Q: 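The structure that follows is given in the form of structure tokens.
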Amino acid sequence: MTTYLVVAAFAAAYILIATERIHRVAAALWGAAAMVVLGVVDAKTAFFSEETGIDWNVVFLLLGMMVIVGVLRQTGVFEYLAIWAAKRAGGRPFAVMVMLVVITAVASALLDNVTTVLLVAPVTLLVCDRLGLNPVPFLIAEAMASNIGGTATLVGDPPNIIIASRSGLSFNDFVLNMTPIVVVLFLVFIGLCRVMFRRSFTYDAEKAEAVMELDEREAIEDRGLLLKALVILGLVLVGFVSHSALHLEPSIVALLGAGAAVAVSRLEPGEYLGEVEWSTLVFFGGLFVMVGALVEVGVVGSVGHALTEAVGDRLLLATSVVLGGSAVLSGMVDNIPYVATLAPIIQDLVGKSTDAQHQALWWALGLGADLGGNSTAVGASANVVILGIAARNGHRISFWQFTKYGLVVTSATVTLSWAYLWLRYFVLA
């Protein structure tokens, strides 16, 4: 009976988030509270369990990077980048979008995608303000570009790190197996953006001309602080790439960077804490507790074991089901706890085999979870962060406004990914 009540509570909270009858933070907290009342979650489970509790690495990674962005904002660097990008694109909206999503995708492959959208979103808001454009389509496109770009490498998206930890796959394995299809998917994505957001590409010649006359160098307000903050940001990025060798979690690296940035800036707390999306952090906490409850009562595990029994040793079928199932489920729950739950099941399916067809199961999990995150507004951490930034700046993006585009992008990219997996690992292998 408890299992049914947990599923019902989760479904009710998710419906409230999707329909926006109440604020998504309130819905997530309501859902988390329901799990506590049902006796599935207690303080130990919610705050200290690695499998079913709040993922503090994600929360503190976000907090640290938000503080660093808050310090950088005081230097005027975002205004500089906004003017520079608009001028290089000639003030033409679609060219601006292409430039911003390319920057986002490439950066997301090298960093994690949440860090990337935290850095790019402020620039986007300023570019659109200068050109008189609605920033919502640009922000949605960047969230999706970050999820696609992050799929390419081991460090690009948190689910990939989980997969690498379970499978023993290396950074180079991800580059060789994931990057080729990601490049194709991204080119297709740019074409989809041209179609999906075509009504948003209104060119204002006067505003474009005004932007072209601006000198971006005049936007920098504190060159000394900018230099110090960029050095700290560079060290943080190095820490992200080499965190396994340093034996430091990315969240610790981000918090150390935030502390250093605050120390050298000598800013008042209100100046750098003003950029922290507290509502986003609280939303993540509630969401993690709800998903953790599903794991605790065995719902997610049961689905995974049923999958294992259904596919048996039919590897193409197994790969197809893992890809499609991951894409669907990652749109419903955040892909981080989802992959953490399913990875042991895939590990059992793969066993000790190193042949290409068995390894394809790992790539199917990565592609499905990362790309499926684009399907809804809560499917990936980057999506939630973008919605929070947009709302904070007066540009509300509803669940369905994001999702109607996300379903199109996810359907196209997952279909192409299936063709890639089939061709590379079952036809040409």
Side-chain angles (χ1 to χ4, degrees), residues 17-28 62 65-66 69-70 72-73 77-79 81-83 85-86 89 91-101 103-104 108 113-147 192-194 196-204 207-208 211 274-284 373-409:
I17 294 170
T19 58
E20 299 181 320
R21 297 297 297 272
I22 62 175
H23 195 281
R24 61 190 177 93
V25 175
L62 288 172
M65 294 310 300
M66 286 174 179
V69 169
L72 278 169
R73 180 179 283 280
V77 67
F78 294 126
E79 289 84 348
L81 291 172
I83 296 169
R92 298 192 174 277
F94 181 62
V96 170
M97 178 177 281
V98 171
M99 177 174 287
L100 290 172
V101 297
I103 292 172
T104 301
S108 293
N113 51 8
V114 172
T115 299
T116 299
V117 297
L118 282 170
L119 295 172
V120 175
V123 177
T124 303
L125 291 165
L126 289 165
V127 170
C128 292
D129 181 62
R130 291 283 189 178
L131 295 174
L133 299 169
N134 177 9
V136 168
F138 292 80
L139 293 171
I140 292 175
E142 286 163 9
M144 295 179 183
S146 74
N147 292 322
L192 289 174
C193 286
R194 185 70 181 89
M196 293 189 303
F197 304 120
R198 59 189 180 279
R199 296 180 181 177
S200 303
F201 302 133
T202 303
Y203 178 68
D204 189 323
K207 290 189 175 183
V211 168
E275 293 302 311
V276 175
E277 301 287 339
W278 299 109
S279 62
T280 298
L281 299 181
V282 173
F283 176 74
F284 270 121
N374 274 334
S375 60
T376 71
V378 297
S381 303
N383 306 357
V384 177
V385 171
I386 280 288
L387 264 64
I389 293 173
R392 183 180 181 81
N393 287 273
H395 301 284
R396 179 175 169 276
I397 302 174
S398 72
F399 180 93
W400 290 111
Q401 186 177 9
F402 186 102
T403 302
K404 69 180 180 181
Y405 298 116
L407 291 174
V408 173
V409 172

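Model, not experiment: these values are computed from the prediction. Just so you know, residue 1 is the first one in the sequence shown, and it goes up from there.
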Q: Can you find a pair of side-chain heavy atoms, one from Leu118 and one from Val385, that are under 4.5 Å apart?
A: yes
Q: Apply side-chain contact (heavy atoms from CB on, under 4.5 Å) to Ala27 and list each qualifying residue two or more places apart in sequence or on a separate chain.
A: Leu16, Ile17, Ile22
Q: Over all heavy atoms of both residues, which pair between Asn383 and Ala377 is shortest? Give the atoms and the distance, please.
A: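 That closest heavy-atom pairing would be CB-O, 3.2 Å.
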Q: Hey, does Val96 have a side-chain heavy atom less than 4.5 Å from the side chain of Phe138?
A: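 Sidechains of Val96 and Phe138: in contact.
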Q: Who pairs with Ala141 by side-chain contact (heavy atoms from CB on, under 4.5 Å), at least two apart in sequence or on another chain?
A: Met97, Val101, Phe189, Cys193, Phe197
Q: Working to the nearest 0.5 angstrom, can you tell me the gap between Met65 CE and Leu119 CG?
A: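 If we round to the nearest 0.5 Å, Met65:CE and Leu119:CG are 5.0 Å apart.
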Q: In chain order, what residues pass the ring-ring contact (aromatic ring centres under 6.0 Å, His included) check against Phe201, with sequence neighbours excluded?
A: Phe94
Q: Quick check for you: to the nearest 0.5 Å, what is the distance between Thr116 atom OG1 and Ile103 atom CD1?
A: 11.0 Å
Q: Can you give me the closest heavy-atom contact between Pro135 and Cys128, atom names plus distance?
A: CA-SG, 3.6 Å
Q: Under the side-chain contact (heavy atoms from CB on, under 4.5 Å) rule, collect the residues that match up with Ala391, sequence neighbours excluded.
A: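 With sequence neighbours excluded, Ala391 shows a side-chain contact (heavy atoms from CB on, under 4.5 Å) to no residue whatsoever.
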Q: Excluding sequence neighbours, so at least two apart, what forms side-chain hydrogen bond (donor to acceptor under 3.5 Å, both in side chains) with Thr124?
A: Glu142
Q: Which residues satisfy the side-chain contact (heavy atoms from CB on, under 4.5 Å) test with Asn393, sequence neighbours excluded?
A: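 side-chain contact (heavy atoms from CB on, under 4.5 Å) check on Asn393 returns Leu125, Ile389, His395.
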Q: Which atom names give the shortest non-hydrogen contact between Gln401 and Arg396, and what distance separates them?
A: OE1-O, 3.7 Å
Q: I want to check something: taking the side chain as every heavy atom from C-beta on, are Ile397 and Ile140 in contact at a cut-off of under 4.5 Å?
A: yes
Q: Please round to the nearest 0.5 Å and tell me the distance separating atom CG of Asp204 and atom CZ of Arg92.
A: 11.5 Å
Q: Between Asn374 and Val409, is there a donor-acceptor pair closer than 3.5 Å when you use the side chain of the first and the backbone of the second?
A: no
Q: Heavy atoms only: give me the nearest Ala380-Asn147 pair and the separation to one decimal.
A: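 Heavy atoms of Ala380 and Asn147 come nearest at CB-OD1, 3.5 Å.
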Q: Has Thr376 got a side-chain atom pairing as donor or acceptor with Gly379's backbone, closer than 3.5 angstrom?
A: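 Yes, the answer is positive, given that a donor and an acceptor are paired below the 3.5 Å cut-off.
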Q: Could you give the distance from CG (Leu139) to OG1 (Thr104), rounded to the nearest 0.5 Å?
A: 9.5 Å
Q: Any idea which heavy atoms bring Ser279 and Val25 closest together, and the distance?
A: O-CG2, 3.4 Å
Q: Determine the sole option in Phe283, Phe402, Phe399 for which the side-chain contact (heavy atoms from CB on, under 4.5 Å) test with Leu387 is passed.
A: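 Answer after filtering Phe283, Phe402, Phe399: Phe402.
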Q: Find the distance between CE (Met66) and CZ (Arg73) and round it off to the nearest 0.5 Å.
A: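 Met66 atom CE to Arg73 atom CZ measures 12.5 Å (nearest 0.5 Å).
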Q: Considering all heavy atoms of both residues, which atom of Ala208 and which atom of Leu131 are nearest to each other, and what is their separation?
A: CA-CD2, 4.0 Å
